[in-house]
Amino acid sequence: MSTVRRSAGVLLFRVVAGEDGQPDAEVLIGHMGGPLWARRETAAWSVPKGEYEPAEEEPAAAARREFQEELGLPVPDGVWVPLGEARQAGGKIVTVWAVDAWLDPAGAVPGTFTMEWPKGSGVLREFPEMDRFAWCTPDEALERLVAGQRVFVERLRAYVREGRTPSEA
């Protein structure tokens, strides 16, 4: 068993014209569910992703599985663009791929998790892992996403706007 926690995810994007007329990428992100995130917008959104155990599952397979669990929909067909890894503040290493595809977020049926709420009450309640999804401009996504995931939007934007591979971003 690995000592470093790992997550993998898929960031859907669609190429659009930016404010300057150059190509840019809108991205599909999700607002984290549950009572701890209910009243937050800034830094309360995430790439659809989840944990996996490297000895048991390949990162791309975990990303596909977690996308399906979080949205209740399969990853749409498209080329997977590796956006690399980033270490989040808590030490978790996140690996993300971008897929150029469209998906209607209204069709999402999020997976759920159970937690004691209110804390200390002994009452277990079920909450959606992500309670809503939205297509966002890169600037909107950079404001909404948790800090450790913003780098993926920056790498994707460089890939779309400048034709650079994410490893060069």
Residue Glu116 excluded, over 12 heavy atoms near CD under 6.0 Å: yes
Min side-chain heavy-atom separation Phe133-Leu12 under 4.5 Å: no
Validation row: Val96, Glu85 side chains within 4.5 angstrom (heavy atoms):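 Val96 does not reach Glu85 side chain to side chain.
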Could you tabulate the donor-acceptor pairs under 3.5 Å formed by side-chain atoms of residues 71-83, not counting sequence neighbours?
none

Single-linkage hydrophobic cluster, 4.5 Å side-chain cutoff, [X] and [Y] together:
X	Y	result
Val94	Leu145	yes
Trp97	Trp102	yes
Phe67	Met32	no
Leu11	Leu103	no
Val15	Tyr159	yes

Using residues 117-130 as the side-chain source, report each donor-acceptor pair under 3.5 Å to any protein atom, sequence neighbours left out, with the distance given to one decimal.
from	atom 1	to	atom 2	distance (Å)
Ser121	OG	Pro118	O	2.6
Ser121	OG	Val123	N	3.1
Glu126	OE2	Thr112	OG1	3.4

With sequence neighbours excluded, residues passing side-chain contact (heavy atoms from CB on, under 4.5 Å) with Ala134: Trp45, Cys136, Arg144
Contacts of type side-chain contact (heavy atoms from CB on, under 4.5 Å), residue Ala44, not counting sequence neighbours: His31, Trp37, Arg40
Test side-chain hydrogen bond (donor to acceptor under 3.5 Å, both in side chains) applied to Gln88 - qualifying residues, sequence neighbours left out: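 Not a single residue meets the side-chain hydrogen bond (donor to acceptor under 3.5 Å, both in side chains) criterion with Gln88.
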Partner residues of Asp100 under the side-chain hydrogen bond (donor to acceptor under 3.5 Å, both in side chains) criterion, sequence neighbours left out: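 side-chain hydrogen bond (donor to acceptor under 3.5 Å, both in side chains) list for Asp100, sorted by chain: empty.
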Please give me the minimum heavy-atom distance between [X] and [Y], naming the atom from each residue.
X	Y	result
Val47	Gln149	N-OE1, 2.7 Å
Trp135	Pro105	NE1-CD, 3.8 Å
Leu156	Ala98	CD1-CB, 3.8 Å

Qualifying ring pair (Phe, Tyr, Trp, His ring centres under 6.0 Å) pairs with a residue from residues 136-157, counting only residues at least two apart or across chains: none
Polar side-chain atom of Arg150 near backbone of Leu142 as donor-acceptor pair, under 3.5 Å: yes
Pairing residues for Glu51 by the salt bridge (charged side-chain N to carboxylate O under 4.0 Å, His left out) criterion, not counting sequence neighbours: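 Per chain and number, Glu51 pairs via salt bridge (charged side-chain N to carboxylate O under 4.0 Å, His left out) with Arg5, Lys92.
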Listed once per pair and sorted, the side chain to side chain donor-acceptor pair (under 3.5 Å) pairs that draw on residues 59-76, sequence neighbours left out: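 Non-adjacent pairs meeting side chain to side chain donor-acceptor pair (under 3.5 Å): Glu57-Arg65, Arg65-Glu69.
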Please report, to 0.1 Å, the donor-acceptor pairs under 3.5 Å made by any side chain of residues 17-29, with sequence neighbours excluded.
from	atom 1	to	atom 2	distance (Å)
Asp20	OD1	Gln22	N	3.0
Asp20	OD1	Arg161	NH2	2.6
Asp20	OD2	Arg161	NH2	2.7
Asp24	OD1	Arg157	NE	3.1
Asp24	OD2	Arg157	NE	3.4
Asp24	OD2	Arg157	NH2	2.9
Glu26	OE1	Arg14	NE	2.7
Glu26	OE1	Arg14	NH2	2.8

